[in-house]
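Lettering follows sequence order; numbering is per chain, from 1. Just so it is clear, the model here is predicted, and its values are computed rather than measured. In what follows, every heavy atom counts, from backbone to side chain, and hydrogens, waters and symmetry copies are set aside.
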Amino acid sequence: MSYLEELNPIQRQAVTTIEGPVLVIAGPGSGKTRVLTYRIAHLLQNHVPPWEILALTFTNKSAREMKERIEQVVGPSAQKVWAGTFHSIFARILRYEADKIGYPSSFSIYDTDDTTSVLKAIIKEMNLDPNVYHPSAIRSRISMCKSNLITPILYRQNVDMMQQDRAAKRPYVVDIYEQYIARCFRSGAMDFDDLLYQLYRLFQQNPGNVLDKYRARFRYVHVDEFQDTNFLQYAILRLLTKYDGSPENVFIVGDDAQSIYAFRGATIDNILDFEKDYTNLQTFKLEQNYRSTFHIVSAANEVILNNRRQLPKTIWTNREERQKIKLLRCLTDDEEGRRVADLILEHKHRYHLPNSDIAILYRTNAQSRKFEEHLRKLNLLYRVYGGMSFYQRKEVKDLVAYLRLAVNPQDEEALRRVINFPTRGISDATIGKLSAAASAHEMTMWEAMISVPLDVTERAKKSMAQFRKMVEAWQSRATSDSAARLASDILRQSGLFDFMKNDTSPEGLGRMENLNAVLDAISEFVDSNGPGADDDTELDFLRRPGEEASLAAYLQTITLLTDADEKNDGTDYITLMSIHSAKGLEFKSIFVTGMEEGLFPSFMSLEDPNGLDEERRLFYVAITRAKEFLTISYAQNRYRYGQIKACEPSRFLEEVGTDHFEFVGGLGSARLNAHSQPTMPSQRGASVSGNFSTPRRLKPPPVPPKAAANFQASPAEYIVEGVTVFHQKFGEGKILSVEGPAGNKIATIRFKNDDMSERRIVLKFAKLQVL
DNA sequence: TGACTGTGGGTTTTT
DNA sequence: CCCACAGTCA
């Protein structure tokens, strides 16, 4: 029982309370994951069979980590615990039970792009204006409905919602919603919300007593990050664990202060409801922070105090004081990028940090570019998360669409995607007729292709017949043949391979590589999930041999992956990600960037106190990711929509006591100007340093006095081709080239407001400041 | 059919 | 500024 000794008394109590409902309120860095994993390990040690244990998380990554850590304590039986994301576990259950609610077990999963594209098609068919019925806005409204169990019928009965739609001049949203549901169903497809919603329906309707089966099976249920669950997720949890005679072994872990998904329907009410619904509840509060040093923990406490509603708790640490929080004031977003990169380099040397100890966090993904630029200049390796995942790339989606079609030909989105790609003589006009026929008969395009005679050319008919034959051939092999072989045949027979192989550009080769990577991934998937992967299947009624290795299972898995789930190849890189994706992670050195009003907090939230509180929690999450070094930066001017805009420092900075900050030297190295008297006056608000021409001003003064006051020459090594510099006499200019030996370099510069087109300037003498 | 151009619109966060 | 999309041309 040595693992119990690694826990503090409260943690140990929580872990060893194995009967009845348990709520663990866990502050950042308080050993939340440890408690969760050790609790499961403890169950296993006490002879609870692994398949009776369910653990639900939000990301694949945390599920994987959890499994690994359980395995370290109890060995391989950990792999049989049902640990995964809500979406992936539910997809798996739905795969087994699909027929009970009228879906094929090989149902497709529509990702956000698929969903949007279905909505676009519906909007178009209904002759509605896509500028009014903005597809992505409709998508989020539908998503909101599903997450709150609002069916189209309830929608129509809901006076408020109907009123909202009328007020927004889009009274037909509910009709789109209805159409959308019908289409998805016909196509044998579920979107992300359906994976929860349809499971709820299944459980609620309980055909064949299916719910009782799962109740009996999952006797120990765990939920991580409970503060991020939405109404629907909680409803499912309740169905599963709250009933007459239930042992109510529900173990939930969360922190209201880290709730950052309210915008997606997560609600703190779930924690409060949990206390009401499970009356035997035992609550444990983990308040000791083992992660971060003093200034970081204190700053976090001070900030979160400004939120209105929260469960009372105080996070404390007995880790030593160490570093203060570095605060970087930068003139522009570009300078922010440069200085963060510089600081990282310096940091690495001074403290011998590997790249993997460092992360740059930001509010919006678009901010990554500046950092990438400057990290590249310093030859620092980095990886950006939150971009397009592997499976979202066009070529991969194309191949996957073919695979989806082989498994489920009703999949309309897949069909649309590939029916004429690569081109096979089925024109847009033909596709339009096919689609219209399908709608008219309330069937899928695939069905229409089979049974509705179309008024098209013989050539088009022939092409369609050929296409059909090809897909049918794959379809007949989909369940019997090896997924890997089938996929490889599909790549060739579809014409994708031939289409791609002609492209020998570097990008083309990369795309080809990606396709091969999909094939490899399928082989690997089959190997690790195939028959024999599990030796006591008969005890685990959900594991049917072979089923888990099917092509359908693979396709359903990959749609739920994000780029955070891609394997890293062991290289040592700096992490760049949004704060949202950093939730649950920790790094020795964290940079929280872009701390400006309107950016963080986001301008979308400025009007709304709840929104602001959520932004504040997000800031709380951001700074508590840091173990030892925390650097916070903001820019006074930032490009937005291609134009430079003056920015105020974020209000959140004022909420941290100045004694936790160290103001770092550099160009804008005054104190935080919002609440202490700036040592350099006139850096606020609209007084954009004049070296940027504001769009409305026709002729900016040639030597803006304010910029001159702030002028600080940059070292010669920063002056390289392509950078923008400021010269005290000539103003803003761009470096066209740099030549000559080190120490005696000459730069060719084009200044914006200068009669001469170019000037050659000897760097040794000239004072230039990189902007 | 594909490649190119202009324009219009948009930035919050994600399974 | 950056992207997606519609429309035009070869």
Under 4.0 Å between a Lys/Arg side-chain N and an Asp/Glu carboxylate O for [X] and [Y]?
{"X": "A/D114", "Y": "A/K397", "value": "yes"}
{"X": "A/R404", "Y": "A/E413", "value": "no"}
{"X": "A/D398", "Y": "A/K394", "value": "yes"}

Heavy atoms only, 4.0 Å cut-off, all strands: where does [X] land among base, sugar-phosphate and nothing?
{"X": "A/T559", "answer": "nothing"}
{"X": "A/Y261", "answer": "sugar-phosphate"}
{"X": "A/E614", "answer": "nothing"}
{"X": "A/F86", "answer": "nothing"}
{"X": "A/R369", "answer": "sugar-phosphate"}
{"X": "A/N365", "answer": "sugar-phosphate"}
{"X": "A/T562", "answer": "sugar-phosphate"}
{"X": "A/K370", "answer": "nothing"}

Report yes or no: is the ring centroid of A/F263 under 5.5 Å from the six-membered base ring centroid of B/dT12, with the two planes under 30 degrees?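 Here the ring of A/F263 and the base of B/dT12 are not stacked, as the 5.5 Å and 30° limits are not both satisfied.
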Go nucleotide by nucleotide along DNA chain B from the 5' end; which of A/E615 and A/F192 gets its closest nucleotide reached first?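 Per heavy-atom nearest nucleotide, the more 5' residue is A/E615.
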A/L561 or A/F603: which one's nearest nucleotide on DNA chain B is closer to the 5' end? A/F603
Closest to the A/H580 side chain, choosing from B/dT13, C/dC5, B/dG2: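 Closest nucleotide among those given: B/dT13.
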Side chain of A/S581 (C-beta onward), nearest among B/dT14, B/dT15, B/dT12: B/dT14
Just to verify, which of A/Y385, A/F263, A/Y362 counts as forming a ring-ring contact (aromatic ring centres under 6.0 Å, His included) with A/H580? A/F263
If I pick the C1' atom on B/dT11 and the same atom on C/dA6, what distance separates them, to the nearest angstrom? 23 Å
If we count only N and O atoms by modelled type, under 3.5 Å, do the side chains of A/R264 and A/S147 hold a donor and an acceptor together? no
Polar contact flag, side-chain donor to acceptor under 3.5 angstrom, A/Q367-A/T364: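 A pair is found: one side chain offers a donor N or O, the other an acceptor, under 3.5 Å apart.
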Describe, in one word, how the ring planes of A/F619 and A/F652 are oriented to each other, choosing from parallel (under 30°), tilted (30 to 60°) and perpendicular (over 60°).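 Parallel: the ring planes of A/F619 and A/F652 meet at under 30°.
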Separation of [X] atom [atom1] from [N] atom [atom2], in whole Å?
{"X": "A/H134", "N": "C/dC5", "atom1": "NE2", "atom2": "C1'", "answer": "12 Å"}
{"X": "A/R640", "N": "C/dC3", "atom1": "CZ", "atom2": "C1'", "answer": "17 Å"}
{"X": "A/E596", "N": "B/dT12", "atom1": "CD", "atom2": "P", "answer": "16 Å"}
{"X": "A/Y641", "N": "B/dT11", "atom1": "OH", "atom2": "C1'", "answer": "6 Å"}

Base-pair map of DNA chain B as dot-bracket, where | denotes pairing with a different strand and pairs are Watson-Crick or G-U under 3.5 Å: ||||||||||.....
Gap between atom CG of A/L195 and atom CZ of A/F90 - 0.5 Å precision: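 It comes to 9.5 Å.
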